Amino acid sequence: MICPDVTGLEMTMEKIKCLIVGGGPAGYTAAIYGARAEIAPVVYEGIQPGGQLTTTTEIENFPGFENGIAGADLMTVMKNQAVRLGADVRSGAVTSVDLSSRPFKVVVDGTHEIEAETLIIATGATAKYLGLPSETKFRGMGVSACATCDGFFYRKKTVAVVGGGDTACEEATYLAGLCKKVYMIVRRDVLRASEAMQERVRNTENIEILWNCNTQEVLGDQFGVTGARLLRKDGEVFDIAVDGFFLAIGHHPNSELFNQWVAVDKEGYIMTDGKTSRTNVEGVFAAGDVQDPQYRQAITAAASGCRAALDAEKFLKMN
Ligand code: NDP
């Protein structure tokens, strides 16, 4: 159906049983389960099809891939699997939503209006970066925001982790088990992390904390990262030699489009009901990193996508 929009653009319209927003492990897994449950899922992949995993190199901890798989390839096979089973996977980004009543109204790319009986939000999260040009230049060449994904490539090498929260401490202790030495670059003279995590850091011999330090520049050559230039609060500028530079300064859930309608916590993560994917709006479900500040792994995102599709199927049967 085509009808004129107030802006003069032609707005196409469509009714959908199950709309999935987000093309990462949560969205594709929801699509796989949704297709098999015959709820005719339609996925909009958003501006980064494949999600955060497409920015990592090798994934070695996703079960079923004995020899590991590139992040982008894992997303391609998940998507192909969803399509083969009958999911309708489309490119396009949701630009506005109205979840005030069912069916939910969702606009894609400003020109296509969807009326969805159920909605699965799987828009993921975005790691925060410092915003340095040199950090962007070496992203994927030594700069990473995921120690669990990329740490293995720095075995017996020296790395730095930026941040002083629980994630930074967790990543630093994880990396310390693989690497020769781990520097933690902390901008204040205290860690924000819980006492238990701080204790773990203090008890790990090969972690050295560089207090009151901010990174001025990531250093490198044509092969990747070689070091970092730091500015200490007392004004001293000094370089450290590192092979990997890990950011652990927090994540930002991609919930902005929805937070007017669904309940979010103080950091913006969508709140779900217990072990289910149900949000506070009946018929709206959330899966993956947009509702998970804790684990943030491809496998946990995929598992929550499965839950969301099963929850949506059950909801459609009962309503
Ligand atoms: P946090 O927001 O808790 O910590 C971010 C850290 O990064 C802080 O030390 C902060 O410094 C620092 N930081 C922020 N911006 C910059 C910057 N521009 N330059 C340098 N440093 C910067 O994020 P986390 O990801 O660590 O944790 C998020 C949530 O998840 C928390 O609630 C945490 O408790 C939880 N979590 C729990 C875990 C567990 O229980 N096992 C594991 C991981 C996370 P400053 O302190 O100066 O602001």
Side-chain angles (χ1 to χ4, degrees), residues 51-52 55-56 61 124-139 143-151 159-177 182-204 207-219 225 227-240 242 244-255 259 263-272 286 288-301 304:
Q52 292 180 82
T55 65
T56 66
N61 53 7
T126 308
K128 292 182 190 162
Y129 284 81
L130 297 171
L132 303 169
S134 53
E135 177 194 50
T136 312
K137 182 175 168 191
F138 293 111
R139 217 185 268 191
V143 171
S144 165
C146 180
T148 333
C149 316
D150 297 330
V159 297
V161 177
V162 185
D166 279 324
T167 303
C169 290
E170 199 166 81
E171 304 225 333
T173 43
Y174 173 77
L175 288 165
V182 179
Y183 290 108
M184 281 183 78
I185 303 170
V186 178
R187 67 178 173 182
R188 294 188 291 150
D189 60 357
V190 287
L191 294 172
R192 178 187 288 270
S194 57
E195 188 48 46
M197 292 303 294
Q198 295 195 30
E199 187 72 21
R200 279 179 66 187
V201 166
R202 281 196 290 269
N203 291 338
T204 307
I207 297 179
E208 180 182 340
I209 302 182
L210 302 170
W211 300 105
N212 295 311
C213 285
N214 274 300
T215 307
Q216 279 194 329
E217 199 182 340
V218 180
L219 307 172
V225 168
R229 180 154 302 151
L230 308 183
L231 168 65
R232 205 169 22 222
K233 237 179 213 154
D234 61 13
E236 191 191 345
V237 175
F238 62 101
D239 293 351
I240 53 170
V242 295
F245 185 83
F246 288 87
L247 281 309
I249 60 172
H251 280 73
H252 179 73
N254 302 322
S255 61
N259 60 17
V264 296
D265 70 10
K266 63 182 191 319
E267 265 118 37
Y269 288 92
I270 295 177
M271 287 158 65
T272 50
D289 287 10
V290 73
Q291 53 82 59
D292 176 14
Q294 190 91 29
Y295 298 103
R296 296 195 292 253
Q297 300 299 300
I299 190 69
T300 52
S304 72

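Keep in mind that this is a model prediction, so the values were computed, not measured. Ligands are counted one by one from 1 in listed order, and the atoms in each one are counted from 1 as well. The figures that follow rest on heavy atoms only: side chains count, while hydrogens, waters and symmetry mates do not.
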Using distance alone, decide if ligand 1 has a nitrogen or oxygen within less than 3.5 Å of any nitrogen or oxygen in T167.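 In this structure, T167 places an N or O atom under 3.5 Å from an N or O of ligand 1.
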When only distance counts, is G165 in polar contact with ligand 1, meaning an N/O pair under 3.5 Å?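 The answer is yes, given that G165 and ligand 1 share an N or O pair closer than 3.5 Å.
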Where is the nearest protein heavy atom to [atom]: which residue, which atom, and how far?
| atom | result |
| --- | --- |
| atom 47 (O) of ligand 1 | R188 NE, 2.7 Å |
| atom 30 (O) of ligand 1 | P293 O, 3.8 Å |
| atom 34 (O) of ligand 1 | D166 OD2, 2.5 Å |
| atom 16 (C) of ligand 1 | R187 NH1, 3.3 Å |
| atom 42 (C) of ligand 1 | E170 OE2, 3.5 Å |

Which atom names give the shortest non-hydrogen contact between V225 and F138, and what distance separates them?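 In terms of heavy atoms, the two residues are closest at CG2-CB, 3.8 Å.
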Looking only at heavy atoms, which two atoms of V161 and A168 are closest? And how far apart?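 Closest approach of V161 to A168, heavy atoms only: CG1-O, 3.8 Å.
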Contact bool for atom 32 (O) of ligand 1 (protein heavy atom, d < 4.0 Å):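 Within 4.0 Å: no protein heavy atom nearby.
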Strictly less than 4.0 Å: does any protein heavy-atom distance to atom 37 (C) of ligand 1 fall in that range?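 Yes; the ligand atom in question has protein heavy-atom contact below 4.0 Å.
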Return the [atom1] to [atom2] distance between [X] and [Y], rounded to the nearest 0.5 Å.
| X | Y | atom1 | atom2 | result |
| --- | --- | --- | --- | --- |
| D166 | E171 | CG | CD | 11.5 Å |
| D289 | Q297 | CG | CD | 8.5 Å |
| M184 | F246 | CE | CZ | 13.5 Å |
| Q216 | L132 | CD | CG | 9.0 Å |
| N212 | R188 | CG | CZ | 10.0 Å |
| E195 | R200 | CD | CZ | 13.5 Å |

In terms of heavy-atom contacts, does OH of Y295 have more than 12 from other residues, nucleotides or ligands at under 6.0 Å?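 No - once you tally the heavy atoms of other residues, nucleotides and ligands closer than 6.0 Å, there are 12 at most.
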Is the NZ or CZ atom of R139 positioned over Y129's six-membered ring, under 6.0 angstrom from the centre and within 45° of the axis?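 Pair R139/Y129 counts as cation-pi.
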[X] neighbourhood, listing ligand 1 atoms whose heavy-atom distance to it stays under 4.0 Å:
| X | result |
| --- | --- |
| L130 | 17 (C), 18 (N), 19 (N) |
| G164 | 6 (C), 7 (O), 8 (C), 9 (O) |
| Q294 | 37 (C), 38 (C), 39 (C), 40 (O), 41 (N) |
| G250 | 23 (O), 25 (O) |
| R192 | 1 (P), 3 (O), 4 (O), 8 (C), 9 (O), 45 (P), 46 (O), 48 (O) |

Out of I249, L247, L132, D265, who gets a non-hydrogen atom closest to atom 7 (O) of ligand 1?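 Among I249, L247, L132, D265, the closest heavy atom to atom 7 (O) of ligand 1 belongs to I249.
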